[in-house]
Amino acid sequence: QVQLVESGGGLVQPGGSLRLSCAASGIDFKTYTMDWYRQAPGKQRDIVATITSEFDAAYAESVKGRFTISRDNAVHTVYLQMNDLKPEDTAVYYCTIAQVYWGQGVQVTVSS
């Protein structure tokens with residue numbers, strides 16, 4: 001069965017950095033596009049970044065230049081490096097495959 005397990009969230013001050021990880025199992029990881037979404041309280045879940053099987057990446061406008069998505073097919077893991085974090089980045093972050101399989105989410109809180 002497909003499993004996605006996120007880690008790396010936490011509390012960070014504005015301007016700080018975090019790296020999220022999402023470990024996948026039960027799939028042929030290298031063949032899938034992987035996405036990161038986030039959901040802030042009272043808001044819809046929105047896409048943050050995506051990376052294809054060919055390592056092509058795309059980002060939401062709100063995170064361009066601050067976040068970097070990457071993947072390591074050898075360990076079946078996708079990463080989200082988040083720099084210059086802002087309070088508006090506070091949300092639960094999820095990794096997903098095709099919006100069919102979802103991880104459990106990881107909380108990121110940006111606050112002083």
Side-chain angles (χ1 to χ4, degrees):
Q1 97 223 33
V2 178
Q3 273 197 310
L4 300 172
V5 180
E6 299 102 335
S7 60
L11 172 65
V12 64
Q13 292 188 342
S17 298
L18 283 174
R19 189 175 83 152
L20 306 183
S21 301
C22 171
S25 60
I27 58 166
D28 188 6
F29 179 79
K30 64 182 181 296
T31 68
Y32 285 91
T33 292
M34 300 295 297
D35 304 323
W36 283 99
Y37 277 70
R38 68 184 180 187
Q39 187 168 22
K43 296 191 175 181
Q44 68 181 24
R45 194 173 294 188
D46 290 326
I47 193 163
V48 175
T50 186
I51 186 165
T52 71
S53 59
E54 301 299 318
F55 294 84
D56 294 321
Y59 300 92
E61 283 296 324
S62 59
V63 306
K64 272 184 184 177
R66 301 188 297 122
F67 290 12
T68 302
I69 190 171
S70 61
R71 65 191 296 159
D72 186 340
N73 289 342
V75 293
H76 294 194
T77 300
V78 61
Y79 304 98
L80 187 68
Q81 177 67 42
M82 305 185 294
N83 298 329
D84 189 24
L85 282 159
K86 305 176 186 297
E88 51 264 41
D89 295 317
T90 295
V92 178
Y93 284 71
Y94 301 88
C95 66
T96 179
I97 301 169
Q99 300 181 60
V100 172
Y101 302 105
W102 294 86
Q104 82 285 0
V106 61
Q107 178 69 47
V108 171
T109 302
V110 185
S111 175
S112 54

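In this structure Gln3 satisfies the side chain to side chain donor-acceptor pair (under 3.5 Å) test with no other residue, sequence neighbours excluded. Residues satisfying the side-chain contact (heavy atoms from CB on, under 4.5 Å) test with Ala91, not counting sequence neighbours, are Arg38, Ala40, Tyr93. Checked against side-chain contact (heavy atoms from CB on, under 4.5 Å), Glu54 has the following partners two or more places apart in sequence or in another chain: Thr52, Asp56. Residues meeting the side-chain contact (heavy atoms from CB on, under 4.5 Å) test with Gln81, sequence neighbours left out: Ser17, Arg19, Thr68, Asn83. The side-chain contact (heavy atoms from CB on, under 4.5 Å) check on Thr90 picks up Gln107, Thr109, Val110, with sequence neighbours excluded. Every ring-ring contact (aromatic ring centres under 6.0 Å, His included) that Tyr37 has, sequence neighbours left out, goes to Trp102. Scored by the side chain to side chain donor-acceptor pair (under 3.5 Å) test, Lys64 finds Glu61 as partners (sequence neighbours excluded). Applying the side chain to side chain donor-acceptor pair (under 3.5 Å) criterion to Asn73, with sequence neighbours excluded, gives Arg71. Applying the side chain to side chain donor-acceptor pair (under 3.5 Å) criterion to Glu88, with sequence neighbours excluded, gives no partner residue.
For the atom pair Ile27 CD1 and Tyr32 OH, the distance stands at 6.0 Å (nearest 0.5 Å).
A disulfide (SG to SG under 2.5 Å) check over residues 36-68, counting only residues at least two apart or in different chains, returns nothing. Within the structure, every pair that satisfies the ring-ring contact (aromatic ring centres under 6.0 Å, His included) test and touches residues 67-89, not counting sequence neighbours, is listed here: Phe29-His76. Applying the disulfide (SG to SG under 2.5 Å) test to pairs two or more places apart or on separate chains, those with a residue in residues 35-103 are Cys22-Cys95.
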